[in-house]
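Shown next, in C-alpha cells, is the structure this report addresses.
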Amino acid sequence: MCGRFTQYTPKKQIAEVFNLDPGGLFDLSPRYNIAPTQQVAAVGQTKDGRRKLAMLRWGLIPSWAREMPGGAKTFNARAETLQQRPTFRDALGLRRCLVIADGFYEWGKDKTPVYFYDSMGKPMAFAGLWDSWKSGEGKTINSCAIITTEANGLVKPVHDRMPAVLYPAEYGWWLDRDGTDAGELGKLLRPYQASLMKAHPVSKRVNDVRNDGEVCAAPLNLPLIT
DNA sequence: CCAGACGTTGTT
DNA sequence: GTCTGG
DNA sequence: CCAGACGTTGTT
DNA sequence: GTCTGG
C-alpha cells in the first residue's frame with residue numbers, strides 16, 4: 001500500500017532525472033509527509049511527446065463523477081485489477097503519469113511506521129494514473145492515483161503491498177501515449193528490486209499529517225537534533 | 001427501462 | 001464502527 | 001495512510 | 001461514462 005510519501009529532491013535534479021525542460025518548471029518545496037488529498041508532483045506527456053511537470057490532487061476523481069467525493073478512496077489502484085475498474089480503465093489507456101517521490105512509509109501491524117527509499121538516495125517514480133474533473137461551477141481539478149503491487153522482500157515483513165516503482169529505462173515506455181497495450185504495460189507494474197532499496201523505522205511523528213520536515217523520515221535510532 | 005455504483009487496505 | 005479531512 | 005469527528009439550537 | 005441489478 002502507499003498512503004504517505006516524501007518528495008524533497010530539488011527541481012534541478014528532478015529535471016535531469018526525468019528529462020524535463022528546465023524552463024517552465026515551478027518550485028518544489030521539500031516535503032516529508034505527503035498525504036492523500038494533497039497536491040503531488042507528477043510527470044506526464046503531452047500529445048506532441050513533450051514531458052510536463054504538473055501538480056495533481058492525490059486521490060483520483062473520475063471525469064464522470066457528479067460530486068466531489070468526500071474523503072479519498074481512490075488514492076491507490078491495484079495493478080492486478082486496473083482493467084476491470086471503471087474508475088481506472090480509461091486512464092490506464094490514455095492518462096498515465098509518474099508520481100515523483102523520494103521514499104514512502106508503510107505501517108506494520110504493530111503500528112510502527114517504516115520509511116523505504118532508494119539505496120543510492122535518488123528520486124523514485126511511482127506508476128500513476130490521472131484524470132481531469134470539472135465541477136458544476138466550472139472549476140477543473142486534475143487528480144491522480146498511485147498504482148500498488150505485491151510487496152518485495154524488503155517491504156513484505158511490514159506490509160504486503162507497495163507502490164509500483166518504475167526503473168528509469170521504463171519511464172518513456174510508461175508515458176508514451178501510443179505503441180503500448182495494456183497487457184504490455186502491466187508487466188512494468190511488478191515489485192521493485194529489493195536490493196535497490198533501504199529501509200528504517202521512523203518516529204510516530206509522521207502519523208499526524210500536520211507534521212512535516214526531515215524528522216519524519218529520520219532513522220529512529222539517530223534522531224535529528226531539532 | 002431506471003437506479004445506483006464506480007475503491008483499497010487491514011483486522012478479527 | 002464508520003466517515004471525512006489532510 | 002492516520003487523526004478526529006460523530007449534533008442541534010440559538011445567540012453574539 | 002459504463003456497467004450491474006432489479
Side-chain angles (χ1 to χ4, degrees), chain A residues 1-7 29-42 55-95 99-117 124 126-136 140-152 155-165 182 186 189 191 199-213 215-217 220:
Chain A
M1 186 316 120
C2 178
R4 220 62 84 77
F5 66 97
T6 65
Q7 198 289 297
S29 56
R31 295 162 74 194
Y32 294 84
N33 198 0
I34 301 170
T37 72
Q38 296 179 356
Q39 295 290 117
V40 303
M55 295 302 288
L56 305 172
R57 177 196 190 264
W58 185 18
L60 189 142
I61 307 167
S63 59
W64 42 259
R66 288 180 236 277
E67 305 276 327
M68 172 90 161
K73 300 161 193 127
T74 50
F75 58 91
N76 283 158
R78 286 182 71 87
E80 297 89 337
T81 53
L82 290 178
Q83 295 181 75
Q84 301 153 35
R85 298 280 181 265
T87 301
F88 302 126
R89 193 184 40 213
D90 291 349
L92 178 64
L94 297 165
R95 293 181 301 276
V99 176
I100 299 170
D102 283 282
F104 58 91
Y105 302 96
E106 299 286 358
W107 281 259
K109 270 169 254 171
D110 64 356
K111 293 290 155 197
T112 300
V114 180
Y115 185 52
F116 295 91
Y117 53 102
M124 294 178 160
F126 299 154
L129 302 173
W130 65 276
D131 207 341
S132 190
W133 176 80
K134 205 171 177 183
S135 73
T140 296
I141 297 180
N142 294 318
S143 60
C144 67
I146 292 169
I147 299 174
T148 63
T149 190
E150 192 190 337
N152 65 21
V155 178
K156 205 130 205 168
V158 180
H159 227 65
D160 62 351
R161 307 288 299 173
M162 67 181 281
V165 179
L189 308 175
H200 58 241
V202 296
S203 92
K204 285 196 165 70
R205 192 178 286 237
V206 74
N207 286 13
D208 194 320
V209 297
R210 290 169 296 189
N211 295 327
D212 199 347
V215 68
C216 290
L220 250 196

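Every chain is numbered from 1 and lettered A, B, ... according to where its sequence line falls, protein lines coming before strand lines. Values below: every heavy atom of this structure, side chains too, minus hydrogens, waters and symmetry copies.
- Rounding to whole angstrom units, CZ of residue A:R205 and P of D:dC2 are separated by 18 Å.
- Comparing atom distances between the A:P86 side chain and each of B:dG7, B:dT8, D:dG4 picks out B:dG7 as nearest.
- Nearest to the side-chain atoms of A:D208 among the listed nucleotides D:dG4, D:dC2, B:dA5 stands D:dG4.
- The side chain of A:R66 lies closest to B:dC6, out of B:dT8, B:dC6, B:dT11.
- Looking only at side-chain heavy atoms (C-beta outward), A:L189 and A:E80 stay at 4.5 Å or farther from each other.
- Counting any heavy atom pair closer than 4.0 Å across all strands shown, A:D160 reaches sugar-phosphate atoms only and no base atom.
- Comparing the C1' positions of D:dG10 and B:dA3 gives a spacing of 40 Å, expressed to the nearest Å.
- The side chain of A:R89 sits closest to E:dC3 out of D:dG4, E:dC3, B:dT11.
- In this structure, the nucleotide among C:dG6, B:dT8, B:dG7 sitting nearest to the side chain of A:R78 is B:dT8.
- Comparing the C1' positions of C:dT4 and B:dG7 gives a spacing of 16 Å, expressed to the nearest Å.
- Using a 4.5 Å cut-off on side-chain heavy atoms (C-beta onward), A:W133 and A:T140 make no contact.
- Using P as the reference atom, D:dC2 and B:dT9 are 13 Å apart when rounded to the nearest Å.
- Residue contacts shown for A:T81 are limited to sugar-phosphate atoms, with no base heavy atom under 4.0 Å away.
- Across D:dG4 and B:dA5, the matching C1' atoms stand 28 Å from one another, rounded to whole Å.
- For C:dG6, the base has a donor-acceptor partner in the side chain of A:T37 [N/O atoms by modelled type, under 3.5 angstrom].
- Backbone-only contact: A:F88 has heavy atoms under 4.0 Å from sugar-phosphate atoms and none from a base.
- More than 12 heavy atoms of other residues, nucleotides or ligands sit less than 6.0 Å from atom CD of A:Q84.
- Rounded to whole Å, the distance from CG on A:N33 to P on D:dA3 is 11 Å.
- Closest contact between the side chain of A:T87 and the listed nucleotides B:dG7, D:dC1, B:dT8 involves B:dG7.
- Distance check on atom C1': C:dG1 versus D:dT12 gives 37 Å, rounded to whole Å.
- Residue A:K111 places its side chain closer to D:dC2 than to any other of B:dC6, D:dC2, B:dT9.
- Of the candidate nucleotides D:dA3, B:dT9, D:dC1, D:dC1 has the atom lying nearest to any side-chain atom of A:W107.
- For A:Q38 and C:dG6, the CD to P distance is 9 Å, given to the nearest whole Å.
- For A:R161, taking side-chain heavy atoms from C-beta onward, the closest of the listed nucleotides B:dT9, B:dC6, B:dT8 is B:dT9.
- With a 4.5 Å cut-off on side-chain heavy atoms, A:V40 and A:Q7 do not count as touching.
- Checked by atom type and distance alone, the side chain of A:R205 never pairs as donor or acceptor with a backbone atom of A:N211 at under 3.5 Å.
- Of the possible donor and acceptor atoms, one in the side chain of A:W58 sits under 3.5 Å from a partner among the backbone N and O of A:F75.
- Between D:dA3, B:dT8, B:dC6, one nucleotide has an atom nearer to the side chain of A:N207 than all others, and that is D:dA3.
- Across the protein-nucleic acid pair, A:L189 atom CG and B:dT8 atom C1' stand 16 Å apart, rounded to whole Å.
- Whole-Å rounding puts the A:E67 CD to C:dG5 P distance at 13 Å.
- The base-pairing partner of D:dC1, taking Watson-Crick or G-U wobble contacts with both distances under 3.5 Å, is C:dG6.
- Nucleotide D:dT8 forms a pair with no other nucleotide shown, judged by Watson-Crick or G-U wobble geometry with both contacts under 3.5 Å.
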